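Everything below concerns the one structure shown next.
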Amino acid sequence: EERERMRRVGRRCLNNLFYKNKRSRCFVNNNYNMKKRWYCSVLSTTEFKMFPLVEKFPASYDTNIYRFGLTNPESTLGIPVGQHITIKFTNPANKTVLRSYTPISLTNQKGHFDILLKEYDKGQMSNYFKHLKIGDNILVRGPKGRFTYSPNSYDELLMIAGGTGITPMMQIIRSIHESNGQDKTRIKLLYANKSKRDILLKNELDHISNSNPWLKIYYLIDKHESESDQDWKGGLGYVTKDLIEKEFQKDIKVKVLVCGPTPMTKTISSFLQEMLLQ
């Protein structure tokens, strides 16, 4: 019965005026309204598709949210929660540049998807995005990734994020928040940044946390960068093994998710390996 449903949905997907493509894929989605259902992705795992920039707005002094439109305003990007997409462009040296990003918009968001991107002086993709004009297209392929989040699979998620590594965490947090209490998973988020002004999406994170007991957040900054940081009440320094051990609850089913700069993720991974051997 499930296979027949998939075939029916697949045929509708192939016959769709906007996305008629023999390589379009359908995925099972356990996150939309908490019901298991098949849906069609406007993406392809084998071919890059074009999506136009429709809006750009700041998330911080050096980070922007880029909104890309879908051809059909009723369509969704349709990637499983926890997975990401690949974006491609050709640089001035005529070399292909590929980067993976997790949209911060909900997987069932209609008409568009959002990418949060930090500007780096020598960042090829961030410089490419910086010069995009409204109406310019980007090339996207996906979804991809080894992890797919399913509601109520764990008692708790321990999230450890640094900088823009908050994006995959935010996708899951928004998914649980939109479930209106049906997803009972609890989250502890350890979120590290250089300074107070580098914390991304803080207003939304605080709003969700203040109104939902299932989300607990501990912010860390490397240092006090300005006078406005002097009233800082969060942590100072890096995420340590002691901090992880303090927040890791061993008597329940916990999944640890880590995303951030490579030096940070390598250090955290070594901490987790040591904890497993104890």
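Small disclaimer: the values here were computed from a predicted structure and weren't measured.
- Looking at heavy atoms from C-beta onward, Ile115 lies out of side-chain contact with Ile104 at the 4.5 angstrom threshold.
- A donor-acceptor pair is defined here as one N or O able to donate and one able to accept, closer than 3.5 Å; no such pair exists between the side chain of Asp136 and the backbone of Leu132.
- Looking only at side-chain heavy atoms (C-beta outward), Arg197 and Ile221 stay at 4.5 Å or farther from each other.
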Exercise. Is there a side chain to side chain contact (heavy atoms under 4.5 Å, CB included) between Lys196 and Trp232 once you walk through the steps?
Worked result: CA-CA 8 Å; Lys196 186 177 177 180; Trp232 178 249; 4.1 Å; yes
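- In this structure a side-chain-to-backbone donor-acceptor pair under 3.5 Å is present from Ser179 to Ile176.
- In terms of heavy atoms, Met169 sits closest to Ala161 at CG-CB, 4.1 Å.
- What you find for Asn152 and Lys184 is that their closest heavy atoms are OD1-N, 2.6 Å.
- In this structure, a donor-acceptor pair under 3.5 Å is present between the side chains of Thr148 and Gln83.
- One side chain, Asp198 or Ser195, offers a donor N or O that lies under 3.5 Å from an acceptor on the other.
- When hydrophobic clusters are built by joining Ile, Leu, Val, Met, Phe, Trp and Tyr residues whose side-chain heavy atoms come closer than 4.5 Å, directly or via intermediates, Tyr149 is grouped together with Leu205.
- Cluster membership check: Phe129 shares its hydrophobic cluster with Ile85, using side-chain heavy-atom separations under 4.5 Å among Ile, Leu, Val, Met, Phe, Trp and Tyr.
- Looking at Ser211, its side chain does come within 3.5 Å of a backbone N or O of His207 through a donor-acceptor pair.
- Remark: the backbone N or O of Val81 is not paired with any side-chain donor or acceptor of Thr107 at under 3.5 angstrom.
- Looking at Asp183, its side chain does come within 3.5 Å of a backbone N or O of Thr185 through a donor-acceptor pair.
- Using a 4.5 Å cut-off on side-chain heavy atoms (C-beta onward), Val256 and Ile160 make contact.
- Inter-residue side-chain proximity for Ile208 and Ile173 is flagged as met; some heavy-atom pair is nearer than 4.5 Å.
- Of the possible donor and acceptor atoms, one in the side chain of Ser126 sits under 3.5 Å from a partner among the backbone N and O of Tyr120.
- No cation-pi contact links Arg67 to Phe57, judged by a cut-off of 6.0 Å to the six-membered ring centre and 45° from its axis.
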Problem set entry | Audit row: Ile87, Tyr101, side chain to side chain contact (heavy atoms under 4.5 Å, CB included) steps and yes/no | CA-CA 8 Å; Ile87 298 176; Tyr101 297 98; 3.7 Å; yes
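- In this model, no donor atom of one side chain and acceptor atom of the other lie less than 3.5 Å apart for Asp242 and Thr240.
- A side-chain donor-acceptor contact under 3.5 Å links Asp251 and Gln249.
- Geometrically, Lys253 engages Tyr154 in a cation-pi contact, judged by NZ or CZ lying under 6.0 Å from the ring centre and within 45° of the ring axis.
- Atom CZ of Phe147 has more than 12 neighbouring heavy atoms from other residues, nucleotides or ligands inside a 6.0 Å radius.
- Counting only distance, with no hydrogens or angles, the side chain of Ser209 and the backbone of Leu215 share a donor-acceptor pair below 3.5 Å.
- Residues Asp62 and Ser60 bring a donor and an acceptor atom of their side chains to less than 3.5 Å of each other.
- Side chains of Gln109 and Leu77 form no contact here, defined as non-hydrogen atoms less than 4.5 Å apart.
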For this session: Begin with the C-alpha distance, continue with both residues' side-chain angles, and end with the deciding distance and a verdict on side chain to side chain contact (heavy atoms under 4.5 Å, CB included) for Leu243 and Leu190.
Result: CA-CA 9 Å; Leu243 178 58; Leu190 307 180; 4.1 Å; yes
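- Between His84 and Thr102, the closest heavy-atom pair is CB-OG1, 3.6 Å.
- Note on Ile166: it does not cluster hydrophobically with Tyr238, by side-chain heavy-atom contacts below 4.5 Å among ILVMFWY residues.
- A distance-only check finds a donor-acceptor pair linking the side chain of Lys49 to the backbone of Val42 [under 3.5 Å].
- When atom types are taken as modelled, the side chain of Asn91 and the backbone of Asn94 share a donor-acceptor pair closer than 3.5 angstrom.
- Both tests hold for Lys88 against Phe48: distance to the six-membered ring centre under 6.0 Å, angle to the ring axis within 45°.
- Within the 3.5 Å criterion, the main-chain N or O of Ala59 finds no donor-acceptor partner in the side chain of Thr63.
- A pairwise comparison of heavy atoms in Phe271 and Val239 identifies CE1-O, 3.6 Å as the closest pair.
- Classification of the Phe51-Phe113 ring pair by plane angle, with boundaries at 30° and 60°, yields perpendicular.
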For this session: Kindly indicate, with the supporting measurements, whether the criterion salt bridge (charged side-chain N to carboxylate O under 4.0 Å, His left out) is fulfilled by Glu204 and Arg174.
Result: CA-CA 10 Å; Glu204 183 177 359; Arg174 283 177 168 173; 2.5 Å; yes
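- Note on Glu47 versus Arg141: no salt bridge recorded, every NZ/NE/NH1/NH2 to OD/OE distance being 4.0 Å or above.
- You'll find the side chain of Leu158 stays beyond 4.5 Å of the side chain of Lys255, heavy atoms only.
- The minimum heavy-atom distance linking Lys118 with Thr164 is given by the pair CB-CG2, 3.6 Å.
- Because its NZ or CZ atom is not both nearer than 6.0 Å to the ring centre of Tyr218 and within 45° of the ring axis, Lys188 does not count as a cation-pi partner of that residue.
- Looking at heavy atoms from C-beta onward, Asn212 lies in side-chain contact with His177 at the 4.5 angstrom threshold.
- Linking ILVMFWY residues whenever their side-chain heavy atoms come closer than 4.5 Å, directly or via other members, leaves Leu98 and Ile79 in distinct clusters.
- Residues Leu272 and Ile244 meet the side-chain proximity criterion, which asks for heavy atoms closer than 4.5 Å.
- Taking each heavy atom of Asn137 and Tyr128 in turn, the nearest pair found is O-OH, 3.5 Å.
- Taking the six-membered ring where tryptophan is involved, the planes of Tyr219 and Tyr191 are tilted, since the angle between them lies from 30° to 60°.
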Problem set entry | Arg186 and Leu157: CA distance, side-chain angles, deciding distance, side chain to side chain contact (heavy atoms under 4.5 Å, CB included) verdict | CA-CA 6 Å; Arg186 301 189 302 275; Leu157 298 176; over 6 Å; no
